[in-house]
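FYI, side chains are in, hydrogens and waters are out, and symmetry mates aren't considered; it's all heavy atoms of this structure. By convention here, the first residue in the shown sequence is residue 1.
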Amino acid sequence: MPLAPRRALLAAPALLLPALRPGAARSQPAWPSRPIRLIVPFAAGGAADSAARTIAPRMGERLGQTIVVENRTGAGGSVGGGVVAQAAPDGHMLLWDASSHLVNPALLKGLPFDYATAFTPVSLVTTFPQVLAVRADSPAQDLAGFIALAKSRPGQLNIGTQGNATAGHLAVVQLGRLAGIEVQHVPYRGGADAARDIAGGNLDAVFITALSAAPVVASGRARFLAVAAERRVSVQPEVPTFAEAGLPGLTLSEWAALFGPAGLPEAIATRLHAVLAESLAEPEVQARLAQLAAVPVGSSPADFARFVREGRQSMATLVREANIRVE
């Protein structure tokens with residue numbers, strides 16, 4: 001299944017934490033009782049980190065506590081994930097993770113925690129559709145032209161992505177399968193690195209987020225061909241979807257989502273989702289997310305838990321069948 005689900009409901013009731021039993025108000029400590037640590041397991045400045053730093057202050061205002069964003073990078077996001085996996089499930093440490101959350105269990109060996117049991121899904125916050133772009137001097141003027149070019153040069157065209165087993169890599173795999181072409185995947189340590197190399201003429205194409213590709217395209221050193229989403233991205237409305245460009249079925253996005261440690265009380269997860277949905281509805285937040293070429297989602301804990309379960313199985317199958325490995 002694609003990483004980007006059909007749009008979930010943003011609206012959610014602003015629920016207060018209920019008393020669980022008579023006298024619970026005296027025995028249950030108020031939440032949150034201190035600043036909340038939001039662990040982002042990726043480098044500062046990327047799409048997921050930027051979204052976190054946009055939304056966290058709004059959520060903190062509604063909760064009456066500061067939400068402190070901390071970048072804990074390494075091992076495809078599993079270093080930061082491990083920090084939250086060991087945290088007390090009291091709602092004062094949360095994880096802001098991405099699609100690697102689904103891929104890592106199939107890709108990384110010897111993890112000290114189990115992604116399937118170590119976390120409580122709270123909400124899929126936003127998606128970042130992947131875009132296919134070619135360098136400016138490419139003879140391919142559109143997606144059909146790129147597919148024809150790849151078929152005329154089997155295995156010779158290279159496509160850069162933000163890394164192995166990322167959404168971009170998986171999009172390259174799907175493109176090859178759906179279009180019947182063979183290309184060379186070139187993994188980088190981030191979308192910005194891939195964008196720099198296509199700007200320098202070292203790549204034939206990139207499959208990265210619109211946010212990473214946009215500056216290079218704006219400079220005239222690359223050209224968008226299609227976006228892997230169900231609808232066009234608002235900041236690049238002229239770029240067709242893959243379906244519009246003649247290749248239906250390729251809808252694949254990076255995403256950012258909110259998790260708590262395993263055992264997070266349902267009342268806290270419900271409250272977190274409520275303030276998240278309210279924050280996503282703010283015009284200022286929506287405008288900033290549009291600048292990031294991000295699509296707000298805000299799915300419920302139950303819907304997101306289902307998305308995680310199904311996505312983990314799908315990604316495990318894709319990693320195995322495509323023989324994706326960490327290098």
For residues 36-46, pull every pair meeting side-chain hydrogen bond (donor to acceptor under 3.5 Å, both in side chains), keeping only residues two or more places apart or in separate chains.
-> R37-E70
Should the ring pair F207 and F242 be called parallel, tilted or perpendicular, given that the plane angle runs from 0 to 90° and is split at 30 and 60?
-> parallel
Donor-acceptor pair, side chain of [X] and main chain of [Y], under 3.5 angstrom:
X	Y	answer
R177	V173	no
H185	H169	no
W96	A48	yes
T251	E230	no
D49	F42	no
R312	L102	no
T120	P261	yes
S299	L124	yes

Considering only heavy atoms from C-beta outward, does the side chain of [X] approach that of [Y] to under 4.5 Å?
X	Y	answer
V103	L170	yes
F119	F113	yes
L272	L94	yes
L225	V134	yes
P105	Y115	yes

Are [X] and [Y] linked by a side-chain donor-acceptor pair shorter than 3.5 Å?
X	Y	value
S212	T209	yes
S99	E254	yes
H273	S300	no
Q174	Q130	no

Carboxylate-amine/guanidinium contact [X] [Y], below 4.0 Å:
X	Y	result
E266	R271	no
R34	D90	yes
E244	R232	yes

Check against side-chain hydrogen bond (donor to acceptor under 3.5 Å, both in side chains), S138 and R223 = CA-CA 9 Å; S138 173; R223 182 170 61 254; 4.5 Å; no
Spatial distance of atom [atom1] ([X]) from atom [atom2] ([Y]) [nearest 0.5 Å]:
X	Y	atom1	atom2	answer
D97	L258	CG	CG	10.5 Å
S100	Q162	OG	CD	10.5 Å
L108	N104	CG	CG	4.5 Å
L250	L132	CG	CG	9.0 Å

In a check of side-chain contact (heavy atoms from CB on, under 4.5 Å) between P129 and each of L211, V233, V239, which one passes?
-> V233
